[in-house]
Amino acid sequence: MVDYSVHGQVAVLEVNNPPVNAFSHNVRVGLDRSIDKAIKDTNVKAIVICGKGRTFPAGADIREFDQPHKEPSLTLVFEKLEKTTKPVVAAIHGTCLGGGLECALFCHYRIAQKTARVGFPEVQIGILPGAAGTQRLPRLTGLHVAMDMITSGRHIFAPEALKYGIIDEMFTGDVINAGIKFAKSVMNKPLEDRCLMNKTVKDADQADQIADEFMSLVKRKYKGFEAPIDCVKAVKASATLPYREGLKMESRLMQKLLLSGQSAAQRYAFFSERAVSRWKMPGGNFQTAKPLPIKSTAVIGAGTMGTGIAVCLLNAGYQVYLLEQNQKFLENGVKTIRGIIEGSVRLGKTPMAVAQKAATLLKPTMKYEDLADVDLVIEAVYENLSLKREIFSKLDKLCKPTTLLCSNTSSLDIDRIGTATKRGDKVAGMHFFAPAYYMRLLENIYSTQTSPTTAATIMDVGRKIGKVSVLVKSCQGFLANRMRGPFAVEAYFLLEEGSTPQEVDSVMENLGMPMGPFKTGDLSGLDIGYKIQTELAKSKGVELSVDSKFLMGERISTLTRTMYDNGRLGRKTGKGWYRYEKPGGKLATPDEEEILERLMYSCINEGFKILEEGVAATPEDIDISWIYGFSWPKYLGGPMYYANRIGLDKIYQRICYYHENFPYSSHWIPSRLLLKLSENKVPMSQWCSGTDSKL
Ligand code: CAA
């Protein structure tokens with residue numbers, strides 16, 4: 001777990017715990033022993049700590065957080081480093097995060113490769129840097145930088161770390177050699193001044209002002225999250241309390257956060273985000289299927305979605321042909337893309353070099369022939385099946401045989417798009433969420449014909465463009481929008497029954513969503529729902545009238561049409577739900593519990609059906625889709641995680657209750673899988689598609 005070697009007078013302690021050298025119990029024990037050994041060895045005059053393989057330790061072992069704590073603690077081990085009279089050098093490469101950075105802050109010196117990153121990401125899993133990080137970083141950087149890094153969890157590259165004094169020097173080349181060389185250069189220098197515990201915080205006199213500034217920032221920016229608030233309190237303590245007292249405060253806050261439900265949910269989200277990359281589908285999985293190389297791409301349609309998708313591809317270094325049907329649309333699209341990238345450079349989110357390269361990679365065109373040699377096409381025209389089929393048929397004839405043809409459709413059946421071509425195995429869905437350059441979810445969809453190689457390739461592209469990609473089977477609405485469907489429908493029904501948009505929205509906002517369904521509707525445009533409803537009716541051969549309350553025996557809301565007919569399309573027309581006067585309906589206003597249940601339990605029920613049908617393979621796929629597609633608060637883990645917390649028995653009972661009361665809404669028909677899981681008390685770790693056949 002820790003490889004020990006002596007090179008002349010320098011002991012090298014190399015943490016060896018792949019993949020990220022986390023400080024698991026064995027590593028703590030190993031490090032503790034190695035430090036003792038190096039201290040005792042009279043030939044050793046300096047110590048280097050580093051990580052084997054790809055990285056310096058990336059923090060504590062998060063998987064151990066749910067187990068009883070085993071000594072020695074990180075702080076106990078690290079304190080030996082600072083106390084020794086032999087200089088200790090942290091030689092950093094890869095990602096030096098959390099407990100890893102804390103380890104480095106107990107060392108007397110820190111040097112890093114130029115490409116290395118350091119940071120305290122603990123806040124993202126609902127805790128704080130609890131091995132003295134909140135007390136030590138401010139002693140090095142001052143309060144402002146420490147507050148920023150610890151409350152945001154952002155990683156910074158070595159040059160920025162050097163600027164703040166977090167590292168003493170940057171190096172290139174081999175880590176161990178650089179560590180030894182540096183250690184030799186400081187071998188006989190005095191160490192008192194190198195012990196952070198002896199230092200004071202340089203801007204301590206402004207502690208109140210800086211803490212107030214960050215407190216209001218985190219309350220606004222991370223509304224509902226507990227950890228950022230406690231991070232501010234702990235960092236402030238570094239300036240207002242003596243070191244040991246500050247440590248006690250940090251430890252109290254850490255214990256509180258560790259026990260909070262939020263941290264458990266955020267840790268679940270952390271592992272789920274990684275779990276969804278281990279996709280599987282009939283005939284293959286992430287291990288058996290290899291992605292094809294993709295260099296050049298094309299996006300068809302330069303509207304909101306098309307331009308957003310193009311930005312994602314360009315920023316990741318792909319060549320992008322942007323195709324539109326006329327010069328004006330094309331020019332507007334190019335202008336939009338430039339605007340998004342320039343805005344991102346101004347905000348410091350995109351480096352200038354990336355933006356300059358992106359400009360050379362964009363190839364606007366009106367000729368389909370230009371797409372003949374691209375490796376991947378993403379079609380992003382409006383939701384119309386016959387139009388999409390026409391485009392795919394044309395692409396099939398024109399593109400080289402290996403080109404993958406994907407659609408950004410949010411709901412249309414990929415099988416029906418694929419049959420317009422002779423290469424169904426190379427046709428798939430790549431559903432981006434608006435704004436595509438910002439939202440992190442990418443829903444990749446396979447049809448009955450899509451090959452695992454195609455799936456592997458689009459999952460790989462998703463990763464390369466920085467998305468969290470989830471793979472699902474094609475069905476009406478796929479995972480995300482299908483499961484979100486009842487949410488929107490129930491919200492409308494609640495209005496018809498006497499609630500106000502504000503009431504419904506505030507219930508969901510109090511739960512932690514950034515916006516309720518009506519504010520979200522106003523934002524995305526209320527015409528979308530109307531168009532989907534009419535398209536659906538059309539596909540079933542039904543003509544809807546103004547007062548149609550049913551479609552094929554299913555209750556539908558008349559409000560969709562009313563809003564559309566009145567031009568209340570949301571923000572874009574300046575009026576939507578939020579200019580409606582409070583309806584003076586006679587129906588009793590449903591209480592908050594009912595709003596929450598009807599919006600969430602209906603979706604959860606759909607989620608279990610999605611699992612039951614194998615549309616999604618695991619509850620993690622579903623939860624991650626909500627976290628990154630609909631900004632579901634990470635501290636609640638995701639709707640399936642939330643359902644597990646509430647208890648499947650209760651959820652199932654309430655779903656039956658609503659089914660009895662609303663027999664015309666099929667989304668209330670209780671999921672068979674949900675019933676079986678709740679009857680058999682199956683733990684969440686075992687929920688997955690196919691579980692029900694075993695029960
Ligand atoms: N503990 C346990 N497992 C971890 C881990 C950790 N700290 N960090 C990563 N892993 C696991 C991942 O779950 C993943 O496992 P699977 O392959 O089984 O899914 C594997 O290591 C590789 O991780 P990634 O796929 O994320 O690899 P990457 O190269 O894309 O990213 C990384 C590497 C930047 C280090 C990223 O994994 C990461 O951000 N890790 C979390 C870092 C963190 O939060 N550190 C603080 C821990 S808490 C702490 O240290 C408390 C304290 O103050 C004492």
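Remember, it's 1-based here, ligands and their atoms both numbered in the order they're listed.
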Inset, instruction - Rounded to the nearest 0.5 Å, what's the gap from CD on E64 to NZ on K70? Could you check? - result: 7.0 Å
Inset, instruction - Give the contacting part of T95 toward ligand 1: side chain, backbone, both or neither, where contact means a heavy-atom distance below 4.0 Å. - result: side chain
Inset, instruction - Have a look at ligand 1 and work out which part of D61, if any, has a heavy atom under 4.0 Å from it: side chain, backbone, both or neither. - result: both
Legend entry - ligand 1 contact on P19 by region, counting heavy-atom pairs under 4.0 Å: side chain
Legend entry - Which of the ligand 1 atoms, numbered from 1, are nearer than 4.0 Å to a heavy atom of G99: 49 (C), 50 (O)
Legend entry - Structural part of F270 in contact with ligand 1, heavy atom criterion under 4.0 angstrom: side chain
Legend entry - Close approach of G130 to ligand 1, heavy atoms, under 4.0 angstrom: yes
Inset, instruction - Can you figure out which of I127, L128, V20, L97 has its heavy atom closest to atom 39 (O) of ligand 1? - result: L97
Legend entry - Heavy-atom proximity to atom 28 (P) of ligand 1, best of E250, E102, R463, R54: R54
Legend entry - Side-chain donor-acceptor pair present, K349, Y437, cut-off under 3.5 Å: no
Inset, instruction - Could you tell me whether L74 approaches ligand 1 through its side chain, its backbone, both or neither, with non-hydrogen atoms closer than 4.0 Å? - result: side chain
Legend entry - Location of contacts on A60 toward ligand 1, heavy atoms closer than 4.0 Å: both
Legend entry - Parallel, tilted or perpendicular: rings of Y222 and F225 (30°, 60°): perpendicular
Inset, instruction - Nearest heavy atom to atom 46 (C) of ligand 1 wins, so pick from G153, A58, G100. - result: A58
Legend entry - Location of contacts on F120 toward ligand 1, heavy atoms closer than 4.0 Å: neither
Inset, instruction - Name the option, out of R274, M254, E122, R278, that contains the heavy atom nearest to atom 53 (O) of ligand 1. - result: E122
Inset, instruction - Look at the rings of F106 and F78 and say which category their plane angle falls in: under 30° parallel, 30 to 60° tilted, over 60° perpendicular. - result: tilted
